[in-house]
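Working notes for the structure below.
We name chains A, B, ... by the order of the sequence lines, and we start the count at 1 in each one.
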Amino acid sequence: MTTSPPAASASTHPAPADPGTTPGGALLAAHDLHLAFGPTTALASASLEVHPGEVLALMGPSGSGKSTLLHCLAGILRPDSGRVTYGGRDLTAMSDVERSALRRSEFGFVFQFGQLVPELTCAENVALPLRLAGVGRRDALGTAREWLTRLEVPDVADKRPGQTSGGQGQRVAVARALVTRPRVVFADEPTGALDSLNGERVMQMFVAAARDTGAAVVLVTHEARVAAYSDREAVVRDGRVREQVRA
Amino acid sequence: MSASTPPRSSWAADLALGARMSVGGGRSGWARLALIAIGVGVGVAMLLIVASLPSVVDARTERTDARSIGSGVVEEQGDNTLLTQIVRSGFRDLGVEGRLLQAEGVRVPLPPGVDRALAPGEIVLSPALQRLMDSPDGEAIRGRWGDTVVGTIGPEGLAGPGELTFYLGTDDLDEETATRINAFGNPDEQGGGLGPELLLLGLVGLAVMIVPLASFIATAVRFGGEARDRRLAALRLVGADVGTTRRIAAGETLVGAAAGIAVGGLLLLVAQHVLPPLVPPALTFYPEDLRPAPVLAALVVIGVPVASVLVTLSAMRRVVVEPLGVVRRSEVTRRRLWWRILLPVAGAALLHPLIGGMDDDSSGDQAMVTAGVVLLLVGVALLLPWAVDAVVGRLGRGGVAWELAVRRLQLESGAAVRAITAIVVSVAGLIAIQGTFGAIQAEAEGDGELQGSVFQAKVIDTRSGAVGQEWVDGLTGTPGVRDVVTSTFTLAHVETDPDQLIGVEVGPCSVLTHETGITDCAEGDVIVVATEGAELPTPGTTYVLGEPGSGGGTWELPGDARSATLGEFHLYLSGLPSTIYVTPTALGGADVAEGYESVLVALDPDVPDAVDRLRTTAADVEMLAYVADAEQGSLTGVLGTARQALLAGTIALLVVVGASLLVNVAEQLRERRRPFAVLLAFGTRRRTLGLSVLWQVAIPVAVGITLAIVTGTALSVVLQGGLSAPIGIDWWAIGLISGGAALVVLLVTAASLPLLAGLTRSQGLQSE
Amino acid sequence: MTVAPALLGLLQSGPRHGYDLKRAFDERFGQDKPLAYGQVYSTLARLLKNGLVEVEHEPGDGPDRKRYAITEAGVSDVAVWLATPEKPEPYLQSAMYTKVVLALLTGRDAADVLDAQRTEHLRLMRELTRRKSEGDLADQLVCDHALFHLEADLRWLELTAARLDDLATSVRG
Ligand SMILES: Nc1ncnc2c1ncn2[C@@H]1O[C@H](COP(=O)(O)OP(=O)(O)O)[C@@H](O)[C@H]1O
Ligand SMILES: [Mg+2]
């Protein structure tokens, strides 16, 4: 796991080992997912591919199953049927422990709000994924501070999340998602709680940083202006994905 | 009407709205109310039970007074007099106390609860004693006072349903061995015989119970506080000002408190019927005795709601509920030490009369000491938040789990502290009482000498004179009795100076080693035992064996007498500067006047209930003799029971504390559902989060228990000093309580794991 | 513009007189400004010349006795038109609305029409977003103006997509 400055040249960071892609070039793929919460069908035969380094927007009306699909892709939820493969490995067949380990090392997350641990300072929040992955406290905090600087919120490092504004908090969350240099970042309505100006800035920095680190982004949003930061979009409707062919 | 002040709702309307809100929250609202009602109800029920203790004591005293003798004592024998004497006995670790009655005429008074005069040999038993004798367990006591059971004693003649007592008709009594009365009852007699030490312990016990109960009730009132904050935020949104919000919260609280009082009342009714069979015979009472003293009951019924409202308002002092559902905790204020330490320091200062021992009868000192103990215990409760803050603030860095917990506590430890305050106060008090009990027990066991000795029982016969042989003959051959030996103790004085008193004990080597602790003894030895600093008797001195004027024979202390250090218990026994132990051969046939013969019995440990078999045989030899054994003394019996009750209470309290900790953790988990769910999404091991919950529960409990143990032990040492009891620390109780606390921490953590597991499902991530 | 394909689409359900056709168009799409007769006939003439419609003569005389019918070429022209997203620009609802209704009328998948349009819109929005992040403040403001308008379109697309079922019943009913 990297602990070196994020802004330094790529040569100082060995990129995570290439997990490999499926024959179609997909890094992460869902095949025919079905998932129901009791009587509610959230996913009905959803399939999707995510390619290395791309920013994919998942659009669709609220309640259509976007978040559920994202959770399945990230191995947080296990679908009732269907498969999720990551670099050729079947996520749905992994144990919870294996999936947790995968999420720790290869994935990052940004959510709409309320994701930072309220007791920890922002820097500590950002350092958390590194520490979970076994990086020492000092190194982790150092890297965290650099990420906060890069996202232009160095002055919130020692504040608690409750003392920051929404836009600052989301940037802290973005820093936390990227600090481990994941292969895939999952973002569920990352700007949903922000005004347009703050939303734009967060998206700009988020996408730029993700492209820098080569991370693929799965971006759930219902806002077209946010989706416009993507490379392509897929529309989720009634638990099914209408995927736009790759440009 | 001025336009600048828009109309505002009235106080009553605010309170009523709050009351409505407390029951209007749908299912979860009712669940919260139920939780509060049960929590407060349990607290109120216990308070009401405490408030009933005076009635219980009064009712018991009234009944025991009615059968006691005092005002009816007369000198002259008459048509309406009878002779009576108390018989003390026991069964296993229970005390049995009966009365012998010997009618001297035909119009003799009947003791309460007994409906006929008893002919010699006839016995009436209390129902509990009857049951005991009828049970298979009671074999060793059956027939101890004859077999002619002619009835049972009615409730008006008993302290309570569990009391073991009897009245036995006899014709063996005379004016020397018994008291003559013409009536039962003594309105003036001091009931129960609570000595100053028991009184002191009782008061401390009361404080130990009331303080944690109060803090438990305070915790219960705040169950579900998060949901309430959200509701209040909704009110702020529609324009309620801060004052209105507070009053509405007060209204909500009042409903909870009122429901709690109702539940408490019901629980008291239940307790009236559940408790009496459970209390040990020494404390037995009838269901109808358990009714709160009106003044105390009124105090509870008024005090609990008022205190609840105050607690709610003080809780809201730190929380500004804002219209948008944002509950802003005002910036963490550092807890200050100085005013928190005032109370315990004042308490400690009030304890100063204890230093160097306390007079038995200075009630001013007693009040002071009681106040001191209460202040000290309340002070501990005040000191706790500061102590937790201070410790948590200094805790170093560790793993992620540790850090999550420490940070959480650094930000907000109030709820955790509230949950453990009760246990901290009660543990401090308990350790103090346990330690003191232990010390009193050690002291009260005059028969401590029996522990670890070859003799397991001792017959105490109040008749003076040469009764030893009678006992040897009577007891030898009883199943379980291995050996019976006697020794004679007498007061002696220097022949030339009747003021120089000394004790002389004549007995075989087995008794001498038993009493002095020396290891080598041969027939013909003389051993002088003196208190430290006392002058050793000079060899060659001639003593008169017997009290001055009793006309005992003379005896000369031989030159080869050895000396030994004094066994602690013996000082208490004789109160003399020194005692000479003499084997019979060394006495050379000198005549001992008015000696007290004591009888020691060696028992076979393999025979069950050997002591009780011995007692039954002993009753046959001499009804009034008392058989003490290594385990039992009447005082220690009561103390042991009380100690067990306290320990049971503490464990019950630990359970309650565990429950409030769990509620606390559950609320925090709900509050932090999203960040935790996100942490899990990031691949955090569930173990890490579980561990952080463990630390979060364990750290305050550890701080609290440590504080409690330190305070409790210090208090115990001071109290022991005040009672002139040997000072000891009750490691057993400390270990037990620490172990219990650790167990509670583990259980709470384990119980919160399902909640944590629930977070991993995606609900935690679902935006509203 | 949209008049020609709309007329074609309306003819797909069966041959009509010119006058009927105008009435049907006005009913569905002409809300505030009815189609002029002249425009109807000139459009039909153009379609006729391109071989997308043909004329059936009824017995009797007069210009109004001509009935227009769609040809094979006309049907495929409608299909192509429906499948081609409109060039994203403000105020295209009327064109999009026409397309959606016609897709429903002609039994095609209206959702596909909407999705194709969404893709096209997003393509432009991506471009604007890219230009915005590379440009100066003036560029940003200009791009944002366009972006907000496009976003409004997309919201309308979204809303329409959510209401396709209702729309289908009202169109066919
Ligand atoms: N944990 C859950 N329990 C029950 N129903 C759920 C749960 N999560 C999602 N759903 C339901 O599944 C459907 C899809 O939800 P979601 O994936 O959150 O939609 P989106 O993110 O697109 O708004 C919705 O109908 C939602 O109510
Ligand atoms: Mg969602």
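To the nearest 0.5 Å, atoms CG (B:Leu679) and CG (A:Asn125) are separated by 7.5 Å. Atom CG of B:Leu404 sits about 6.0 Å away from atom CG of A:Leu128, to the nearest 0.5 Å. Here B:Arg397 contributes atom CZ and A:Glu124 contributes atom CD; the two are 8.0 Å apart, rounded to the nearest 0.5 Å. One distance of note links CD of A:Gln115 with CZ of B:Phe682; it measures 7.0 Å at 0.5 Å rounding.
At a 4.5 Å heavy-atom cutoff, the contact between A:Arg137 and chain B is made by side-chain atoms alone. Looking at A:Arg99, there are no atoms closer than 4.5 Å to chain B (heavy atoms on both sides), in backbone or side chain. Heavy atoms closer than 4.5 Å to chain B are found in the backbone of A:Leu116, but not in its side chain.
Around the CG atom of A:Asp238, the shell of radius 6.0 Å holds no more than 12 heavy atoms that belong to other residues, nucleotides or ligands. Environment of CZ in A:Arg237: crowded, with over 12 heavy atoms of neighbouring residues, nucleotides or ligands closer than 6.0 Å.
The two atoms that bring B:Ala681 and A:Phe109 nearest to each other are O-CE1, 2.8 Å, heavy atoms only.
Put simply, the side chain of B:Arg407 reaches to within 4.5 Å of the side chain of A:Thr121, judged on heavy atoms. Considering only heavy atoms from C-beta on, A:Arg131 stays 4.5 Å or farther from B:Thr684 through its side chain.
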